[in-house]
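Treat the numbers as computed from the prediction; the structure is a model and nothing was measured.
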Amino acid sequence: MSKQQMVAARRRFLAGAGLGLAAMMINSRTLFASNLQASRPLRLGAGKHTYEWIPNWAKLPAGVELTNCHGGIVVDAQGHILVNTDTDNAVMVFDADGKFVKGFGKDYKGGSHGMMIRKEGNQEFLYLTHTARHELIKITTDGELVWTRGHPTEPGVYAAASEYKPTGVAFAPNGDIFVTDGYGKYWVHHYNSKGGTFARGAA
């Protein structure tokens with residue numbers, strides 16, 4: 001398949017996905033309305049992956065807003081729920097009941113996207129991908145910077161750092177790190193677990 005055919009196929013897929021999402025939103029609104037009318041909790045999933053919608057769960061202090069979140073939600077060893085946002089509190093921490101514990105990360109405002117937590121030795125660390133800073137960022141759960149990894153030059157696919165817009169991070173069982181460039185060149189980059197040294201990239 002040529003590059004032009006791949007682009008056309010991707011566009012057809014995204015168009016179909018958009019229609020499916022619209023239909024799903026309509027169905028979810030109907031479901032939500034019916035649950036409200038019946039005064040029953042809204043639950044999704046099955047088995048141990050059953051989730052219940054709890055309105056107003058997050059109890060924010062005056063003047064603090066959640067605004068946009070990008071799906072970066074993790075749970076630390078103490079059971080705290082960490083959420084990334086586009087605000088001065090790029091990472092917000094809540095207890096299990098939704099009480100606001102703390103927020104930090106002003107330097108990561110406006111672009112924090114994927115987020116994962118990993119225990120290394122006796123300490124937990126957060127890994128953030130940042131679309132505006134064009135970086136993978138490793139910080140402590142108190143917001144202290146450990147290191148950053150900018151756009152990888154090894155694959156030779158980026159003419160400038162601005163073309164690299166990482167959106168997600170994940171870990172292999174051996175600790176290796178994978179970063180998706182979801183808004184840039186659509187590559188997946190592989191780093192080893194020893195300080196995030198670049199290993200390889202693939203389109």
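- Side chain of Thr85 to backbone of Thr67: no donor-acceptor contact under 3.5 angstrom is found.
- Annotation for Glu154: atom CD counts as buried by contact number, over 12 foreign heavy atoms lying within 6.0 Å.
- Remark: aromatic rings of Tyr164 and Trp187 are distant, center separation not under 6.0 Å.
- Between Lys102 and Asp142 there is a salt bridge, with a side-chain nitrogen of the basic residue lying less than 4.0 Å from a carboxylate oxygen of the acidic one.
- Using cut-offs of 30° and 60° on the angle between ring planes, the pair Tyr127 and Trp147 is perpendicular.
- Under 4.0 Å is where a charged nitrogen must lie from a carboxylate oxygen, and between Lys138 and Glu120 at least one such pair does.
- Salt bridge annotation for Arg43-Glu52: present, with a cationic side-chain nitrogen under 4.0 angstrom from a carboxylate oxygen.
- Side-chain heavy atoms closer than 4.5 Å link hydrophobic residues (I, L, V, M, F, W, Y) into clusters, and following such links, even through other members, never connects Val179 to Tyr183.
- Taken together through direct or relayed side-chain contacts under 4.5 Å among Ile, Leu, Val, Met, Phe, Trp and Tyr, Val75 and Phe100 form part of one hydrophobic cluster.
- Classification of the Phe94-Trp57 ring pair by plane angle, with boundaries at 30° and 60°, yields tilted.
- Side chain of His113 to backbone of Thr167: a donor-acceptor contact under 3.5 angstrom is found.
- Taking the ring centroids of Phe198 and His190, they lie at or beyond the 6.0 Å cut-off.
- Within the 3.5 Å criterion, the main-chain N or O of Gly98 finds a donor-acceptor partner in the side chain of Asp95.
- Note on ring orientation: taking the six-membered ring where Trp is involved, the planes of Tyr51 and His49 are tilted (angle from 30° to 60°).
- Figure legend: Arg118 and Phe171 shown as a cation-pi pair, the cationic atom lying under 6.0 angstrom from the six-membered ring centre and within 45 degrees of its axis.
- Among all heavy-atom pairs drawn from His151 and Tyr158, the shortest one is CD2-CB, 3.7 Å.
- No side-chain heavy atom of Met116 sits less than 4.5 Å from a side-chain heavy atom of Leu128.
- Within the 3.5 Å criterion, the main-chain N or O of Asp176 finds a donor-acceptor partner in the side chain of Asn174.
- A distance-only check finds no donor-acceptor pair linking the side chain of His189 to the backbone of Thr180 [under 3.5 Å].
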